[in-house]
Amino acid sequence: MYGSIFWVEWLDRLDRVLTSTRQDVAALNRASSPRKVAALERAKRQLSALSNDLRLLDRNVLVAQDAEPTDDIADKLQRALDAAVVRLDNLADVQPAAAPAVREQALAAIDTALRDSRYEAAMLLEPSRRRA
């Protein structure tokens, strides 16, 4: 298991990937191009790698001595990241020639999953849960 410095690096990577992916989703919603679709494929691989790395991080680092364990919150983050990866994967099923409403719905679902991931990461960092 990896300790506290790995959490800092992991959370920084997560923030960067979530931010850039939401920007890519917004750009793809305006106009589709092979480059933008490739960017979302890359984001899917990055989020999948982050999700796998989350399984290796020492969750005890995040627990204050008198606080409850954060396994539940870390599990919620794990599920949110996995859902975002699935949503990004489902985008491949939406054909470029599909109705704009179908594509917009798929992109909105991806954006929601990304926001959920960011929210769960913020909950993990809530001050009352961190070690002093």
Side-chain angles (χ1 to χ4, degrees):
M1 293 220 158
Y2 297 107
S4 59
I5 191 69
F6 292 99
W7 272 104
V8 172
E9 292 172 356
W10 184 87
L11 287 164
D12 180 55
R13 283 180 36 220
L14 177 65
D15 182 57
R16 284 184 280 126
V17 170
L18 290 174
T19 299
S20 67
T21 304
R22 287 196 70 205
Q23 291 170 350
D24 291 340
V25 166
L28 190 60
N29 201 16
R30 290 188 297 273
S32 182
S33 75
R35 178 175 279 167
K36 292 174 185 172
V37 172
L40 289 182
E41 275 295 315
R42 183 178 60 251
K44 181 179 74 171
R45 289 191 307 273
Q46 290 173 332
L47 284 174
S48 183
L50 283 164
S51 181
N52 290 333
D53 289 348
L54 179 56
R55 290 177 177 89
L56 301 175
L57 295 173
D58 182 5
R59 295 176 182 192
N60 292 325
V61 168
L62 300 174
V63 181
Q65 292 175 353
D66 58 346
E68 297 175 25
T70 58
D71 284 345
D72 200 30
I73 296 170
D75 288 341
K76 287 180 183 178
L77 176 56
Q78 186 77 58
R79 287 190 299 272
L81 286 173
D82 291 342
V85 170
V86 168
R87 295 286 187 194
L88 283 165
D89 202 31
N90 289 343
L91 185 63
D93 296 338
V94 176
Q95 299 298 324
V102 171
R103 199 174 99 201
E104 286 176 17
Q105 184 179 14
L107 292 172
I110 292 169
D111 190 59
T112 298
L114 295 170
R115 278 188 288 123
D116 290 348
S117 296
R118 180 166 289 214
Y119 172 80
E120 293 301 337
M123 292 304 296
L124 191 66
L125 292 173
E126 187 178 51
S128 65
R129 300 205 178 272
R130 289 186 296 184
R131 183 175 282 175

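If you read the sequence from its start, that first residue is 1, and numbering goes on from there. None of the values given here were measured: they were computed from a predicted structure.
Heavy atoms from other residues, nucleotides or ligands lying under 6.0 Å from CD of E9 number more than 12.
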Original post:
Step by step, would you call R79 with D75 a salt bridge (Lys or Arg N to Asp or Glu O under 4.0 Å)?
Top reply: CA-CA 6 Å; R79 287 190 299 272; D75 288 341; 5.0 Å; no
**OP:** Show your reasoning for whether side chain to side chain donor-acceptor pair (under 3.5 Å) applies to N90 and R87.
**Re:** CA-CA 5 Å; N90 289 343; R87 295 286 187 194; over 6 Å; no
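When all heavy atoms are compared, the tightest approach of L77 to S117 is CD1-O, 3.5 Å. In this structure, L50 and W10 approach most closely via the heavy-atom pair O-NE1, 2.9 Å. Of all heavy-atom pairs between Q78 and S51, the closest is NE2-OG, 2.5 Å. Residues L47 and A84 share a closest heavy-atom pair of CD1-CB, 4.2 Å. The two residues I73 and E120 come nearest to each other via the heavy atoms CG2-O, 4.2 Å. L54 and A74 get closest at one heavy-atom pair: CD2-O, 4.0 Å.
R118 places no side-chain N or O within 3.5 Å of a backbone atom of L114 that could act as its donor or acceptor partner.
One side chain, R115 or T112, offers a donor N or O that lies under 3.5 Å from an acceptor on the other.
A salt bridge links R22 with D111: the distance from a Lys NZ or Arg NE/NH1/NH2 to an Asp or Glu carboxylate oxygen falls below 4.0 Å.
Atoms CG and CG, on D24 and N29 in that order, are 12.5 Å from each other to the nearest 0.5 Å. Here the CG-OG distance, from L81 to S48, works out to 9.5 Å after rounding to the nearest 0.5 Å. To the nearest 0.5 angstrom, D53 atom CG is 10.5 Å from F6 atom CZ. Expressed to the nearest 0.5 Å, how far CD of E104 lies from CG of L107 amounts to 8.0 Å.
Using a 4.5 Å heavy-atom cutoff, the side chains of L40 and K36 are not in contact.
When the side chains of ILVMFWY residues are joined at heavy-atom separations under 4.5 Å, either directly or via intervening members, V86 and L91 end up in two distinct hydrophobic clusters.
Under the side-chain contact (heavy atoms from CB on, under 4.5 Å) criterion, D89 pairs with K44, sequence neighbours left out.
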